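The structure under discussion appears below in the form of structure tokens.
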Amino acid sequence: MTSSARPGWPADQLSRPTADPDDPPRSRRVVAVLLTLVLIAALSACTGSSGASGPQAPSLAAARQVLASVAAAVRGHDRTRLLAALDPRRPGFRADQTTDYASLSRLPLRVWRYAVVGEIHDGTANRSAARRYGGPVLLVHVTLLYALRGVDVVAGRHDQYLVFTQRDGHTYLAGDDAGTGETLHSWVGPWRYGPLIAVPGARSLVLGPPDRRAQLQQLARRVDAGIAAVSAVWGTRWSQRVAAVVPASAAEYTALTGAAARETAAAAVTDGVDSGTGQPYGQRLVLDPTQLARLSAVGEQIVLAHEITHLATAADTADITPRWLVEGFAEYVANLHTGQPVTAAAGELRAAVRAGQVPKNLPVDAAFGASGNTLAQQYEQSWLACRLIAARAGRAGLLRFYRSIGTALAPRADAVAAAFRSVLHETERAFTVQWRAYLEEQLR
């Protein structure tokens, strides 16, 4: 056996012992050892002796595919496809999703899709979910985007905290209870509370129980009238489309509005304003027919117009807008053309003024957390403040006052002061003195 050596190598590296014919070369022994190690590793993975063995949590990529399938099933009215995406070992969750689907299939959906925000890495939440679901899980924070055709200009956005499992190599959606704290709860729509149908009006869409179709049709006409009344004052710089929801129970009303059902007949909900378009999203008018039925025709007209005003003005209402202006303007719009005298429309405040209890200042935001007669007086004080601004600067001046504050890039105090200067050419303090005198004049 001959070998050639590269010039300059040490002489001892050129000398090789005579090979034993029964002893394989060293290179072959190394290869044999490596192959043995690879075989042991493979056998360990197959037999479950490795630390990575056993049930595994799904991947985020697999969860995305499941969400895409669920969204396509809802949009395409494909119940079979929906059920195929749900964990077969979670009958309660499957029942909830089937209930949701039954109502969603009757609604004019324009958008229904999920955007993944990210995986939830909270250790406590993951361990808790693993115990509940009997194995490794993937927790994912998603945003549900949905819009109803004909009423939603921008899709609403709602947070959900979802659980995904893996069974026999398949990834499933298994739950919506992956919240990591008391404030993190998956949003559920009105379809979770029972069957729904959609009744269209000229500019409205009313969602409610199937057995109330005639009532929903009447409400659609009244909401249409309220839209027209609000647009006549505020103008057409809003969608002029309203989606109304009629809850099947007081519990559902509370869940949808966050308000005590016994205290209000209607509530306006706006989730936010799209930063790109400036358009509000997630807008809903929630109606309690039982409470509305207790009102006179004029009372119902006022309530609907008041709440629709909140929807119309949402894009021009900011956190810095004083609550007295928000509620007072809605009352101003709602009370126009009702034929009610001021003394009747502000009956609670009139009683206080006649008893010598004239308010010293415009209502602060916290005052709207009151109830009963006290709360009624805050609304009436606010209404008369807006009515006085309109009396002095005209309706256009009142609108300019409202919009200038809501669109100001300044702290509240500066924005309010600027509005008083530009529209009324005076300070808030001076206006307050005149407002107190106006209350006494109108309510004595």
Side-chain angles (χ1 to χ4, degrees), residues 45 48 50-74 82-101 104 111-146 155-193 251-252 254-258 269-275 281-282 319:
S50 169
S53 63
Q56 298 294 305
S59 68
L60 190 58
R64 290 181 190 274
Q65 292 178 349
V66 172
L67 287 173
S69 186
V70 169
V74 171
L82 173 68
L83 292 176
L86 305 179
D87 190 338
R89 300 186 192 176
R90 306 298 296 181
F93 180 69
R94 288 171 66 90
D96 286 342
Q97 294 299 304
T98 303
T99 297
D100 291 355
Y101 171 83
L104 289 171
V111 175
W112 186 279
R113 66 185 178 87
Y114 299 91
V116 173
V117 178
E119 183 177 347
I120 299 172
H121 294 288
D122 184 280
T124 301
N126 274 272
R127 287 190 294 272
S128 174
R131 286 193 298 270
R132 295 196 311 273
Y133 287 80
V137 295
L138 175 70
L139 308 185
V140 183
H141 175 194
V142 308
T143 299
L144 167 64
L145 296 95
Y146 95 95
R157 305 163 193 174
H158 304 281
D159 288 321
Q160 295 190 323
Y161 304 91
L162 306 180
V163 182
F164 294 85
T165 54
Q166 187 167 268
R167 315 283 190 195
D168 300 322
H170 297 284
T171 297
Y172 296 103
L173 175 59
D176 55 8
D177 57 350
T180 58
E182 292 183 0
T183 60
L184 296 181
H185 296 290
S186 289
W187 178 86
V188 294
W191 38 82
R192 178 62 59 86
Y193 298 92
E252 181 184 351
T254 302
L256 294 176
T257 65
V269 178
T270 296
D271 292 332
V273 177
D274 183 76
S275 58
Y281 61 83
D319 291 340

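Note that the structure is predicted; figures quoted are calculated from it, not measured.
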Report task. Test side chain to side chain contact (heavy atoms under 4.5 Å, CB included) on Tyr193 and Val188 and set out the steps. Result -> CA-CA 9 Å; Tyr193 298 92; Val188 294; 4.1 Å; yes
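Here Glu119 contributes atom CD and Phe164 contributes atom CZ; the two are 11.0 Å apart, rounded to the nearest 0.5 Å. Note that CD of Glu252 is 10.0 Å distant from OG1 of Thr257, once rounded to the nearest 0.5 Å. Interatomic distance, OG of Ser59 versus CD of Gln166, reported as 7.5 Å (0.5 Å rounding). Once rounded to the nearest 0.5 Å, the distance linking CD1 of Ile120 with CG of Leu184 reads 7.5 Å. The distance from the CG atom of Leu83 to the OH atom of Tyr172 is 11.5 Å, given to the nearest 0.5 Å.
Across all non-hydrogen atoms, the minimal contact from Pro136 to Pro55 is CG-O, 3.3 Å. The two residues Pro58 and Val137 come nearest to each other via the heavy atoms CD-C, 4.2 Å. The nearest pair of heavy atoms linking Gln97 to Arg192 is NE2-NH2, 3.4 Å. Taking both residues in full, the closest heavy atoms of Leu256 and Val269 are given as O-CG2, 3.8 Å, listed atom of the first, atom of the second, then distance.
Using the six-membered ring where Trp is involved, Trp187 and Trp191 have ring planes that are perpendicular, over 60° apart on the 30 and 60° scheme.
With a 4.5 Å cut-off on side-chain heavy atoms, Tyr114 and Leu145 do not count as touching. Residues Leu162 and Leu139 form no side-chain contact, since every pair of their non-hydrogen atoms from C-beta on lies 4.5 Å or further apart. Side-chain atoms of Gln160 and Thr143, non-hydrogen and from C-beta on, never get closer than 4.5 Å to each other. In this structure the side chain of Asp271 reaches within 4.5 angstrom of the side chain of His158, judged on heavy atoms. Using a 4.5 Å heavy-atom cutoff, the side chains of Val163 and Leu138 are not in contact. In this structure the side chain of Leu67 reaches within 4.5 angstrom of the side chain of Val116, judged on heavy atoms. Trp112 has its side chain within reach of Leu104: a pair of non-hydrogen atoms, C-beta onward, lies under 4.5 Å apart.
When atom types are taken as modelled, the side chain of Arg113 and the backbone of Ala71 share no donor-acceptor pair closer than 3.5 angstrom. Formation of a donor-acceptor pair under 3.5 Å by the Ser69 side chain with backbone atoms of Gln65 is not found in this model. Judged purely by atom type and a 3.5 angstrom limit, Ser186 uses its side chain to pair as donor or acceptor with the backbone of Asp176.
Every side-chain contact (heavy atoms from CB on, under 4.5 Å) that Arg90 has, sequence neighbours left out, goes to Asp87, Phe93, Tyr133, Ala174.
Of the N and O atoms on the side chains of Ser128 and Arg132, at least one donor lies less than 3.5 Å from an acceptor on the other residue. No side-chain donor from either of His121 and Asn126 sits under 3.5 Å from a side-chain acceptor of the other.
Relative to the six-membered ring of Tyr281, Arg157 meets both conditions, a distance below 6.0 Å and an angle of at most 45° to the axis.
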